[in-house]
Structures are given as C-alpha cells and as structure tokens.
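Okay, structure first, notes after.
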Amino acid sequence: MKPHKPHDSHTSKHTRVATLASEVISTDDMMNKGLLVLLVALAAAAAAVHGAGECGATPPDRMALKLAPCASAAQDPKSAPSNACCTAVRTIGKQSPQCLCAVMLSKTAKSSGIKPEVAITIPKRCNIADRPVGYKCGDYTLP
C-alpha cells in the first residue's frame, strides 16, 4: 500500500478556481476574448512593422537632420526657404503632419536654433497647397 501524500491545498485551490472559471465563461465568450487577443496582437505587429512613433521607425530627432536645408528659414521668418528645404518639408509632411510636427519640436531642431513659431510657417512659405492648415502642433497652429 502506498503512503498517503498530504493534499496540496494551494494547487487544489487553483484547480478549483480554474474549473469554476471555465464553467462560468461560455464558449462564445472565450471565442470573443480569443478574437480580441488576436486583433490586439495583429495591431501590435502592424505597429512594429510600420514603426510606433510619429515618423514610423525613424525617431523625430533623427528625421530632423533631413531639415538641415531649412536652418535659416526656420530661424528667420523673412528668409525664403530654399528648394531643398521645401522638398524636405513636403516629403516629411506627406509622411504625416504628426511627423512634421514632432520633427519641428524635436530636441535636435531646438538645439540647432530652430524656432518652432517660425518653422511652423515654412509649409505656407513653400506654397505647399495640401498642408493641413489649422493643424495643432504643440502650442502652434499651422497657417
């Protein structure tokens, strides 16, 4: 005859709770929750593929380097933006207004002497027709 093992009450509580939970949750609920988990996982995967930040996989501070041709136009509202500046602004702006905003307000832009209140006017000064007029960028509004 085998000696009787003491019953592990901790394990049996977990087993009873799991059994009760499975009885309470219907099959439909479990399928709905499984579908929700799958959708969340797919959304997370899509974000990873496209990047999670405003500028996709490229951080705004790194993207700000592409605005180097805009240095004088972003410091002096009377300075005409160069063709290279307008091309860079158009390219970043087409990615998304959120990206362009994040770039203009980035640490890299600020440390380069960019004045956000001046930089925000560059799309208008470049005559970018499809710019998102009225878009809020921090404390600034795109004219």
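Remember, it's a predicted structure, so these values are computed and weren't measured experimentally. Atom set for the values below is all heavy atoms of this structure, side chains included, hydrogens, waters and symmetry mates excluded.
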Do any side-chain atoms of residues 55-66 form donor-acceptor pairs under 3.5 angstrom with protein atoms, and if so which ones, sequence neighbours left out?
{"unit_1": "Asp61", "atom_1": "OD1", "unit_2": "Lys107", "atom_2": "N", "d": "3.0"}
{"unit_1": "Asp61", "atom_1": "OD1", "unit_2": "Thr108", "atom_2": "N", "d": "2.8"}
{"unit_1": "Asp61", "atom_1": "OD1", "unit_2": "Thr108", "atom_2": "OG1", "d": "3.0"}

Which atom pairs, one a donor and one an acceptor, fall under 3.5 Å between side chains of residues 125-134 and the rest of the protein, sequence neighbours left out?
{"unit_1": "Arg125", "atom_1": "NH1", "unit_2": "Ala73", "atom_2": "O", "d": "3.1"}
{"unit_1": "Arg125", "atom_1": "NH1", "unit_2": "Thr121", "atom_2": "OG1", "d": "2.9"}
{"unit_1": "Arg125", "atom_1": "NH2", "unit_2": "Ala73", "atom_2": "O", "d": "2.8"}
{"unit_1": "Arg125", "atom_1": "NH2", "unit_2": "Asp76", "atom_2": "O", "d": "3.4"}
{"unit_1": "Arg125", "atom_1": "NH2", "unit_2": "Ser79", "atom_2": "O", "d": "2.6"}
{"unit_1": "Arg131", "atom_1": "NE", "unit_2": "Pro143", "atom_2": "O", "d": "2.7"}
{"unit_1": "Arg131", "atom_1": "NH1", "unit_2": "Ile128", "atom_2": "O", "d": "2.9"}

Side-chain donor-acceptor distances from residues 135-142 under 3.5 Å, at least two apart:
{"unit_1": "Lys136", "atom_1": "NZ", "unit_2": "Thr141", "atom_2": "OG1", "d": "3.2"}

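Take Ala88 and apply the side-chain contact (heavy atoms from CB on, under 4.5 Å) test, not counting sequence neighbours, and it matches Leu67. Judged as a side-chain contact (heavy atoms from CB on, under 4.5 Å), and not counting sequence neighbours, the contacts of Lys115 are Glu117, Val118. By the side-chain contact (heavy atoms from CB on, under 4.5 Å) test, Ser82 pairs with Pro69, Ala84, Cys85, sequence neighbours left out.
Within the 3.5 Å criterion, the main-chain N or O of Ser112 finds a donor-acceptor partner in the side chain of Gln75.
To the nearest 0.5 Å, atom CG of residue Leu100 and atom CG of residue Leu105 are 9.5 Å apart.
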